[in-house]
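Letters A, B, ... are given to chains in the order of the sequence lines, protein chains preceding strands, and every chain is numbered from 1.
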There are 2 protein chains.
Amino acid sequence: MENRVERIKKQLHEQSYKLTPQREATVQVLLENEEDHLSAEDVYLLVKEKAPEIGLATVYRTLELLNELEVVDKINFGDGVSRYDLRKEGASHSHHHLVCIECGAVDEIQEDLLAEVEKIVEKDYQFKVKDHRLTFHGVCHRCQAKVKKNEESAEAASLHTN
Amino acid sequence: MENRVERIKKQLHEQSYKLTPQREATVQVLLENEEDHLSAEDVYLLVKEKAPEIGLATVYRTLELLNELEVVDKINFGDGVSRYDLRKEGASHSHHHLVCIECGAVDEIQEDLLAEVEKIVEKDYQFKVKDHRLTFHGVCHRCQAKVKKNEESAEAASLHTN
DNA sequence: TATAAAAACGATAACCATTCTCATTTTAAA
DNA sequence: TTTAAAATGAGAATGGTTATCGTTTTTATA
Ligand SMILES: [Mn+2]
Ligand SMILES: [Mn+2]
Ligand SMILES: [Zn+2]
Ligand SMILES: [Zn+2]
(Lines give C-alpha, C1' and ligand atoms only; values in the text may rest on other atoms or scores of the structure.)
(Ligands and ions follow the chains in the order given, each with its own letter.)
Protein backbone atom coordinates (compact mmCIF):
# COMPACT_ATOMS: atom_id res chain seq x y z
CA MET A 1 0.00 0.00 0.00
CA GLU A 2 2.75 2.40 0.98
CA ASN A 3 4.48 1.53 -2.27
CA ARG A 4 1.55 2.86 -4.18
CA VAL A 5 2.12 6.39 -2.88
CA GLU A 6 5.82 6.10 -3.57
CA ARG A 7 5.21 5.04 -7.13
CA ILE A 8 2.87 7.93 -7.77
CA LYS A 9 5.41 10.34 -6.25
CA LYS A 10 8.06 8.87 -8.50
CA GLN A 11 5.79 9.36 -11.48
CA LEU A 12 5.36 13.03 -10.55
CA HIS A 13 9.07 13.45 -10.16
CA GLU A 14 9.81 11.81 -13.50
CA GLN A 15 7.57 14.28 -15.25
CA SER A 16 9.35 17.05 -13.33
CA TYR A 17 6.48 18.01 -11.10
CA LYS A 18 7.43 19.02 -7.60
CA LEU A 19 6.72 16.84 -4.61
CA THR A 20 4.70 18.98 -2.25
CA PRO A 21 3.06 17.91 1.01
CA GLN A 22 -0.30 19.00 -0.42
CA ARG A 23 0.06 16.63 -3.34
CA GLU A 24 1.12 13.78 -1.11
CA ALA A 25 -1.80 14.34 1.28
CA THR A 26 -4.22 14.38 -1.63
CA VAL A 27 -2.88 11.12 -3.02
CA GLN A 28 -3.09 9.60 0.48
CA VAL A 29 -6.76 10.56 0.74
CA LEU A 30 -7.52 9.06 -2.65
CA LEU A 31 -5.84 5.79 -1.68
CA GLU A 32 -7.62 5.64 1.66
CA ASN A 33 -10.99 6.09 -0.05
CA GLU A 34 -10.39 4.00 -3.09
CA GLU A 35 -13.83 2.42 -3.08
CA ASP A 36 -15.61 5.80 -3.07
CA HIS A 37 -16.20 8.26 -5.87
CA LEU A 38 -15.21 11.52 -4.28
CA SER A 39 -15.93 14.98 -5.60
CA ALA A 40 -13.28 17.70 -5.38
CA GLU A 41 -15.12 19.12 -2.38
CA ASP A 42 -15.15 15.66 -0.71
CA VAL A 43 -11.40 15.33 -1.28
CA TYR A 44 -10.84 18.86 0.03
CA LEU A 45 -12.65 18.15 3.30
CA LEU A 46 -10.77 14.89 3.82
CA VAL A 47 -7.38 16.38 2.99
CA LYS A 48 -8.03 19.26 5.38
CA GLU A 49 -8.10 16.76 8.24
CA LYS A 50 -4.43 15.98 7.68
CA ALA A 51 -3.31 19.26 6.12
CA PRO A 52 -5.68 21.98 7.39
CA GLU A 53 -3.91 24.81 5.58
CA ILE A 54 -4.63 23.42 2.10
CA GLY A 55 -6.75 25.49 -0.28
CA LEU A 56 -9.58 24.26 -2.47
CA ALA A 57 -7.84 25.56 -5.59
CA THR A 58 -4.83 23.38 -4.84
CA VAL A 59 -7.04 20.32 -4.54
CA TYR A 60 -8.55 21.09 -7.92
CA ARG A 61 -5.10 21.62 -9.39
CA THR A 62 -3.78 18.39 -7.94
CA LEU A 63 -6.76 16.35 -9.14
CA GLU A 64 -6.35 17.85 -12.59
CA LEU A 65 -2.69 16.87 -12.55
CA LEU A 66 -3.40 13.33 -11.39
CA ASN A 67 -5.94 13.04 -14.15
CA GLU A 68 -3.34 14.03 -16.73
CA LEU A 69 -0.95 11.46 -15.30
CA GLU A 70 -3.76 8.90 -15.61
CA VAL A 71 -3.59 8.15 -11.91
CA VAL A 72 -7.26 9.07 -11.57
CA ASP A 73 -10.19 9.19 -13.95
CA LYS A 74 -12.42 12.22 -13.87
CA ILE A 75 -15.94 10.88 -14.16
CA ASN A 76 -19.41 12.30 -14.20
CA PHE A 77 -22.57 10.54 -13.10
CA GLY A 78 -24.92 13.33 -14.11
CA ASP A 79 -25.29 15.03 -10.74
CA GLY A 80 -23.63 18.40 -11.06
CA VAL A 81 -20.11 17.39 -9.96
CA SER A 82 -17.02 15.69 -11.30
CA ARG A 83 -15.79 12.71 -9.36
CA TYR A 84 -12.26 11.39 -9.19
CA ASP A 85 -11.73 7.69 -9.38
CA LEU A 86 -8.35 6.09 -8.72
CA ARG A 87 -7.27 3.72 -11.47
CA LYS A 88 -6.12 0.26 -10.55
CA GLU A 89 -2.37 0.22 -10.89
CA GLY A 90 -1.30 -0.42 -14.45
CA ALA A 91 -4.87 -0.43 -15.74
CA SER A 92 -4.98 0.89 -19.26
CA HIS A 93 -8.52 2.10 -19.03
CA SER A 94 -11.34 3.23 -16.86
CA HIS A 95 -13.34 0.49 -15.13
CA HIS A 96 -17.11 0.14 -15.48
CA HIS A 97 -19.78 1.38 -13.09
CA LEU A 98 -23.19 0.28 -11.89
CA VAL A 99 -25.38 3.17 -10.74
CA CYS A 100 -28.51 2.20 -8.80
CA ILE A 101 -31.56 4.28 -9.66
CA GLU A 102 -33.21 3.25 -6.37
CA CYS A 103 -30.58 3.99 -3.73
CA GLY A 104 -27.93 5.91 -5.68
CA ALA A 105 -25.15 3.44 -4.88
CA VAL A 106 -22.27 3.22 -7.32
CA ASP A 107 -20.64 -0.20 -7.63
CA GLU A 108 -17.65 -1.10 -9.74
CA ILE A 109 -16.85 -3.75 -12.31
CA GLN A 110 -13.12 -4.26 -12.42
CA GLU A 111 -13.00 -6.85 -15.20
CA ASP A 112 -12.89 -5.50 -18.75
CA LEU A 113 -16.12 -6.49 -20.49
CA LEU A 114 -15.48 -4.46 -23.62
CA ALA A 115 -12.64 -6.30 -25.38
CA GLU A 116 -14.93 -7.83 -28.00
CA VAL A 117 -16.96 -4.68 -28.44
CA GLU A 118 -13.82 -2.62 -29.00
CA LYS A 119 -12.71 -4.99 -31.76
CA ILE A 120 -16.01 -4.35 -33.52
CA VAL A 121 -15.67 -0.60 -33.07
CA GLU A 122 -12.16 -0.59 -34.50
CA LYS A 123 -13.07 -2.81 -37.42
CA ASP A 124 -16.56 -1.61 -38.37
CA TYR A 125 -16.21 2.07 -37.49
CA GLN A 126 -12.48 2.52 -38.17
CA PHE A 127 -12.13 4.15 -34.78
CA LYS A 128 -8.85 3.73 -32.88
CA VAL A 129 -10.00 3.17 -29.28
CA LYS A 130 -7.82 4.70 -26.57
CA ASP A 131 -10.21 4.57 -23.62
CA HIS A 132 -13.85 4.10 -22.79
CA ARG A 133 -16.55 5.00 -20.31
CA LEU A 134 -19.23 2.47 -19.51
CA THR A 135 -21.94 2.97 -16.92
CA PHE A 136 -25.05 0.90 -16.36
CA HIS A 137 -28.13 2.41 -14.78
CA GLY A 138 -30.50 0.03 -13.05
CA VAL A 139 -31.29 -1.69 -9.77
CA CYS A 140 -28.47 -2.96 -7.57
CA HIS A 141 -28.49 -6.41 -5.94
CA ARG A 142 -29.26 -4.90 -2.52
CA CYS A 143 -32.37 -3.06 -3.73
CA GLN A 144 -33.55 -6.15 -5.63
CA ALA A 145 -33.24 -8.18 -2.43
CA LYS A 146 -35.18 -5.51 -0.53
CA VAL A 147 -38.08 -5.64 -3.01
CA LYS A 148 -38.17 -9.43 -2.91
CA LYS A 149 -38.30 -9.40 0.90
CA ASN A 150 -41.17 -6.90 0.90
CA GLU A 151 -43.13 -9.02 -1.56
CA GLU A 152 -42.70 -12.06 0.68
CA SER A 153 -43.90 -10.32 3.82
CA ALA A 154 -46.86 -8.84 1.93
CA GLU A 155 -47.78 -12.37 0.90
CA ALA A 156 -47.49 -13.61 4.47
CA ALA A 157 -49.69 -10.78 5.72
CA SER A 158 -52.26 -11.57 3.04
CA LEU A 159 -52.42 -15.21 4.22
CA HIS A 160 -53.10 -14.06 7.78
CA THR A 161 -55.98 -11.75 6.87
CA ASN A 162 -57.66 -14.44 4.74
CA MET B 1 -40.89 13.20 -40.18
CA GLU B 2 -43.90 15.32 -39.35
CA ASN B 3 -45.35 12.31 -37.57
CA ARG B 4 -42.46 12.32 -35.17
CA VAL B 5 -43.44 15.72 -33.77
CA GLU B 6 -47.07 14.65 -33.59
CA ARG B 7 -46.20 11.54 -31.64
CA ILE B 8 -44.12 13.48 -29.15
CA LYS B 9 -46.94 16.00 -28.74
CA LYS B 10 -49.34 13.14 -28.16
CA GLN B 11 -46.99 11.75 -25.54
CA LEU B 12 -46.98 15.09 -23.75
CA HIS B 13 -50.74 15.26 -23.89
CA GLU B 14 -51.14 11.73 -22.54
CA GLN B 15 -49.05 12.63 -19.51
CA SER B 16 -51.21 15.77 -19.13
CA TYR B 17 -48.54 18.24 -20.06
CA LYS B 18 -49.73 21.23 -21.99
CA LEU B 19 -49.00 21.69 -25.67
CA THR B 20 -47.34 25.06 -25.97
CA PRO B 21 -45.77 26.63 -29.04
CA GLN B 22 -42.47 26.87 -27.14
CA ARG B 23 -42.41 23.12 -26.56
CA GLU B 24 -43.29 22.42 -30.17
CA ALA B 25 -40.56 24.74 -31.46
CA THR B 26 -38.01 23.08 -29.19
CA VAL B 27 -38.94 19.60 -30.38
CA GLN B 28 -38.73 20.84 -33.98
CA VAL B 29 -35.21 22.12 -33.41
CA LEU B 30 -34.12 18.84 -31.86
CA LEU B 31 -35.50 16.91 -34.83
CA GLU B 32 -33.88 19.23 -37.34
CA ASN B 33 -30.50 18.76 -35.66
CA GLU B 34 -30.73 15.12 -34.81
CA GLU B 35 -27.14 14.36 -35.76
CA ASP B 36 -25.73 17.03 -33.44
CA HIS B 37 -25.26 17.03 -29.71
CA LEU B 38 -26.65 20.39 -28.74
CA SER B 39 -26.22 22.12 -25.42
CA ALA B 40 -29.15 23.99 -23.86
CA GLU B 41 -27.63 27.23 -25.09
CA ASP B 42 -27.30 25.80 -28.62
CA VAL B 43 -30.96 24.79 -28.57
CA TYR B 44 -31.93 28.20 -27.21
CA LEU B 45 -30.22 30.04 -30.06
CA LEU B 46 -31.77 27.78 -32.68
CA VAL B 47 -35.27 27.97 -31.19
CA LYS B 48 -35.02 31.76 -31.04
CA GLU B 49 -34.83 31.83 -34.83
CA LYS B 50 -38.37 30.49 -35.08
CA ALA B 51 -39.75 31.76 -31.76
CA PRO B 52 -37.73 34.85 -30.82
CA GLU B 53 -39.68 35.55 -27.65
CA ILE B 54 -38.69 32.28 -25.96
CA GLY B 55 -36.70 32.44 -22.72
CA LEU B 56 -33.65 30.38 -21.82
CA ALA B 57 -35.38 29.06 -18.70
CA THR B 58 -38.17 27.64 -20.80
CA VAL B 59 -35.67 25.81 -22.98
CA TYR B 60 -34.09 24.28 -19.90
CA ARG B 61 -37.51 23.32 -18.55
CA THR B 62 -38.55 21.76 -21.85
CA LEU B 63 -35.34 19.79 -22.21
CA GLU B 64 -35.71 18.55 -18.64
CA LEU B 65 -39.25 17.46 -19.44
CA LEU B 66 -38.26 15.70 -22.66
CA ASN B 67 -35.55 13.92 -20.73
CA GLU B 68 -38.12 12.64 -18.22
CA LEU B 69 -40.30 11.45 -21.07
CA GLU B 70 -37.24 9.65 -22.48
CA VAL B 71 -37.51 11.57 -25.73
CA VAL B 72 -33.97 12.86 -25.24
CA ASP B 73 -30.95 11.66 -23.30
CA LYS B 74 -29.06 14.19 -21.25
CA ILE B 75 -25.42 13.37 -21.81
CA ASN B 76 -22.12 14.75 -20.69
CA PHE B 77 -18.85 14.51 -22.59
CA GLY B 78 -16.74 16.10 -19.88
CA ASP B 79 -16.69 19.63 -21.20
CA GLY B 80 -18.68 21.72 -18.78
CA VAL B 81 -22.10 21.38 -20.44
CA SER B 82 -24.97 18.93 -20.68
CA ARG B 83 -25.98 17.92 -24.15
CA TYR B 84 -29.34 16.71 -25.30
CA ASP B 85 -29.49 13.78 -27.64
CA LEU B 86 -32.70 12.71 -29.31
CA ARG B 87 -33.43 9.00 -28.93
CA LYS B 88 -34.25 6.98 -31.98
CA GLU B 89 -37.98 6.32 -31.88
CA GLY B 90 -38.82 3.33 -29.76
CA ALA B 91 -35.19 2.86 -28.67
CA SER B 92 -35.06 1.47 -25.18
CA HIS B 93 -31.68 2.89 -24.43
CA SER B 94 -29.10 5.47 -25.17
CA HIS B 95 -26.91 4.84 -28.20
CA HIS B 96 -23.12 4.74 -28.05
CA HIS B 97 -20.68 7.53 -28.87
CA LEU B 98 -17.23 7.89 -30.38
CA VAL B 99 -15.38 10.98 -29.19
CA CYS B 100 -12.27 11.91 -31.16
CA ILE B 101 -9.41 13.16 -29.01
CA GLU B 102 -7.79 14.81 -32.04
CA CYS B 103 -10.59 16.85 -33.58
CA GLY B 104 -13.34 16.66 -30.97
CA ALA B 105 -15.89 15.13 -33.32
CA VAL B 106 -18.62 13.01 -31.77
CA ASP B 107 -19.90 10.15 -33.92
CA GLU B 108 -22.69 7.76 -33.09
CA ILE B 109 -23.13 4.02 -33.04
CA GLN B 110 -26.78 3.19 -33.44
CA GLU B 111 -26.53 -0.60 -33.17
CA ASP B 112 -26.60 -2.01 -29.67
CA LEU B 113 -23.22 -3.59 -28.93
CA LEU B 114 -23.93 -4.30 -25.28
CA ALA B 115 -26.50 -7.10 -25.36
CA GLU B 116 -23.99 -9.78 -24.37
CA VAL B 117 -22.25 -7.58 -21.83
CA GLU B 118 -25.56 -6.78 -20.16
CA LYS B 119 -26.33 -10.47 -19.79
CA ILE B 120 -23.05 -10.88 -17.92
CA VAL B 121 -23.77 -7.87 -15.73
CA GLU B 122 -27.22 -9.19 -14.82
CA LYS B 123 -25.96 -12.70 -14.12
CA ASP B 124 -22.60 -12.12 -12.49
CA TYR B 125 -23.35 -8.89 -10.65
CA GLN B 126 -27.07 -9.38 -9.99
CA PHE B 127 -27.71 -5.92 -11.39
CA LYS B 128 -30.99 -5.27 -13.20
CA VAL B 129 -29.94 -3.13 -16.17
CA LYS B 130 -32.38 -0.39 -17.22
CA ASP B 131 -30.09 1.76 -19.35
CA HIS B 132 -26.45 2.32 -20.16
CA ARG B 133 -23.96 4.94 -21.24
CA LEU B 134 -21.07 3.91 -23.44
CA THR B 135 -18.53 6.30 -24.89
CA PHE B 136 -15.26 5.49 -26.59
CA HIS B 137 -12.41 7.97 -26.63
CA GLY B 138 -9.90 7.64 -29.42
CA VAL B 139 -9.07 8.69 -32.97
CA CYS B 140 -11.83 8.97 -35.55
CA HIS B 141 -11.52 7.58 -39.07
CA ARG B 142 -11.07 11.07 -40.54
CA CYS B 143 -8.11 11.90 -38.31
CA GLN B 144 -6.54 8.51 -38.97
CA ALA B 145 -6.79 9.16 -42.71
CA LYS B 146 -5.22 12.57 -42.22
CA VAL B 147 -2.22 11.10 -40.39
CA LYS B 148 -1.75 8.44 -43.05
CA LYS B 149 -1.81 11.06 -45.80
CA ASN B 150 0.81 13.18 -44.02
CA GLU B 151 3.08 10.18 -43.62
CA GLU B 152 2.80 9.45 -47.33
CA SER B 153 3.67 12.99 -48.42
CA ALA B 154 6.59 13.07 -45.96
CA GLU B 155 7.84 9.90 -47.61
CA ALA B 156 7.46 11.41 -51.07
CA ALA B 157 9.32 14.54 -50.02
CA SER B 158 12.08 12.42 -48.56
CA LEU B 159 12.49 10.60 -51.89
CA HIS B 160 12.89 13.90 -53.71
CA THR B 161 15.59 15.26 -51.42
CA ASN B 162 17.61 12.05 -51.66
C1' DT C 1 -68.21 31.76 -25.81
C1' DA C 2 -67.04 33.28 -21.09
C1' DT C 3 -64.76 31.94 -16.86
C1' DA C 4 -61.35 30.33 -13.80
C1' DA C 5 -57.78 27.37 -11.97
C1' DA C 6 -53.66 25.25 -13.10
C1' DA C 7 -49.82 25.23 -15.79
C1' DA C 8 -46.37 27.44 -18.27
C1' DC C 9 -43.85 31.42 -19.44
C1' DG C 10 -39.98 35.29 -19.58
C1' DA C 11 -36.85 38.00 -17.14
C1' DT C 12 -33.53 37.92 -14.13
C1' DA C 13 -31.57 36.97 -9.61
C1' DA C 14 -29.39 33.34 -7.12
C1' DC C 15 -26.65 29.35 -6.85
C1' DC C 16 -22.60 26.81 -6.93
C1' DA C 17 -18.87 24.01 -9.07
C1' DT C 18 -14.86 25.28 -11.19
C1' DT C 19 -11.24 28.36 -12.87
C1' DC C 20 -8.51 32.47 -12.66
C1' DT C 21 -5.62 36.05 -10.52
C1' DC C 22 -1.99 37.51 -7.91
C1' DA C 23 0.89 38.18 -4.04
C1' DT C 24 3.54 34.99 -1.17
C1' DT C 25 5.85 30.69 -0.12
C1' DT C 26 8.15 26.48 -1.21
C1' DT C 27 10.86 23.41 -3.90
C1' DA C 28 14.96 21.62 -6.04
C1' DA C 29 19.11 22.13 -8.29
C1' DA C 30 23.51 24.47 -8.47
C1' DT D 1 23.01 29.25 0.78
C1' DT D 2 21.21 31.27 -3.34
C1' DT D 3 17.95 31.60 -6.91
C1' DA D 4 14.58 30.89 -10.49
C1' DA D 5 10.73 28.33 -11.39
C1' DA D 6 6.89 26.13 -9.66
C1' DA D 7 3.32 25.77 -6.46
C1' DT D 8 0.24 27.57 -3.09
C1' DG D 9 -3.89 29.99 -0.62
C1' DA D 10 -7.37 33.39 -0.61
C1' DG D 11 -10.76 34.99 -2.77
C1' DA D 12 -12.72 37.12 -7.02
C1' DA D 13 -14.60 35.89 -11.42
C1' DT D 14 -16.90 32.85 -14.57
C1' DG D 15 -20.51 30.35 -16.56
C1' DG D 16 -23.95 26.73 -16.73
C1' DT D 17 -28.08 25.76 -14.40
C1' DT D 18 -31.92 26.50 -11.22
C1' DA D 19 -35.15 29.28 -8.46
C1' DT D 20 -38.27 33.13 -7.99
C1' DC D 21 -42.13 35.74 -9.15
C1' DG D 22 -45.39 38.38 -11.52
C1' DT D 23 -47.74 37.76 -16.01
C1' DT D 24 -49.70 35.07 -19.74
C1' DT D 25 -51.55 30.99 -21.82
C1' DT D 26 -53.85 26.73 -21.88
C1' DT D 27 -57.64 23.75 -21.24
C1' DA D 28 -61.64 22.07 -19.03
C1' DT D 29 -66.15 23.41 -17.73
C1' DA D 30 -70.41 26.02 -17.59
MN1 LIG E 1 -14.99 3.60 -9.89
MN1 LIG F 1 -25.80 10.79 -29.91
ZN1 LIG G 1 -29.70 0.15 -4.85
ZN1 LIG H 1 -11.04 13.22 -35.37
Asks: Do A/H37 and A/H97 have their ring centres less than 6.0 Å from each other?
Replies: yes
Asks: Quick one: salt bridge (charged side-chain N to carboxylate O under 4.0 Å, His left out) pairs with a partner in residues 88-102 of chain B, sequence neighbours left out?
Replies: B/R4-B/E89, B/R7-B/E89, B/E34-B/K88
Asks: Quickly work out the A/K18 NZ to C/dA29 P distance and round it to whole Å.
Replies: 9 Å
Asks: Sequence neighbours excluded, which residues qualify as side chain to side chain donor-acceptor pair (under 3.5 Å) partners of A/E118?
Replies: A/H132
Asks: Taking 4.0 Å as the cut-off, does a side-chain nitrogen or oxygen of B/Y60 come that near to OP1 or OP2 on D/dT17?
Replies: yes
Asks: Provide, to the nearest angstrom, the distance between the CG atom belonging to B/D79 and the P atom belonging to D/dG15.
Replies: 14 Å
Asks: Closest to the B/H13 side chain: D/dT18, D/dA28, D/dA7?
Replies: D/dA28
Asks: Looking at residues at least two apart in the chain, or sitting in another chain, which of them share a side chain to side chain donor-acceptor pair (under 3.5 Å) with A/E53?
Replies: none
Asks: Between P on C/dC9 and OH on B/Y17, what's the gap in Å once rounded to a whole number?
Replies: 12 Å
Asks: Roughly how many Å is it from OH in B/Y84 to C1' in D/dG16, rounded to a whole number?
Replies: 10 Å
Asks: For A/E24 and C/dT27, give me the distance from atom CD to atom P, rounded to whole Å.
Replies: 11 Å
Asks: So which one's nearest nucleotide on DNA chain D is more toward 5', B/L19 or B/V81?
Replies: B/V81
Asks: Any base atoms under 4.0 Å from B/S39, or only sugar-phosphate, or nothing? Heavy atoms, all strands.
Replies: nothing
Asks: Report, as yes or no, whether the 6.0 Å neighbourhood of atom NZ on A/K50 holds more than 12 heavy atoms from other residues, nucleotides or ligands.
Replies: yes
Asks: If we fit an axis to the first five pairs and another to the last five of the helix from C/dT1-D/dA30 to C/dA30-D/dT1, what angle do they make, to the nearest 10°?
Replies: 30°
Asks: Run the salt-bridge test on B/E14 and B/K9 with the 4.0 Å N-O cut-off and return the result as yes or no.
Replies: no
Asks: Rounding to a whole Å, what distance do you find between B/L63:CG and C/dC9:P?
Replies: 12 Å
Asks: In terms of side-chain geometry, is the basic nitrogen of A/K119 or A/D124 positioned less than 4.0 Å from the acidic oxygen of its partner?
Replies: no
Asks: Would a 4.5 Å heavy-atom cut-off, applied to side chains only, mark B/L65 and B/Y17 as touching?
Replies: yes
Asks: Report each atom pair, protein N/O against N/O of nucleotides 8-10 of chain D, whose distance is under 3.5 angstrom.
Replies:
| unit_1 | atom_1 | unit_2 | atom_2 | d |
| --- | --- | --- | --- | --- |
| D/dT8 | OP1 | A/T20 | OG1 | 2.7 |
| D/dT8 | O3' | A/Q22 | NE2 | 2.9 |
| D/dG9 | OP1 | A/Q22 | NE2 | 3.2 |
| D/dG9 | OP1 | A/E53 | O | 3.2 |
| D/dG9 | OP2 | A/G55 | N | 3.0 |
| D/dG9 | OP2 | A/T58 | OG1 | 2.4 |
| D/dG9 | N7 | A/R61 | NH2 | 2.6 |
| D/dG9 | O6 | A/R61 | NH1 | 3.4 |

Asks: Starting at CG of A/L65 and ending at P of D/dA7, how long is that distance when rounded to a whole Å?
Replies: 8 Å
Asks: Only pairs at least two apart or in different chains count here, so list each side chain to side chain donor-acceptor pair (under 3.5 Å) that has a residue in residues 62-74 of chain A.
Replies: A/D73-A/R87
Asks: Would you kindly give the CD-to-P distance between A/Q15 and D/dA5, to the nearest whole Å?
Replies: 21 Å
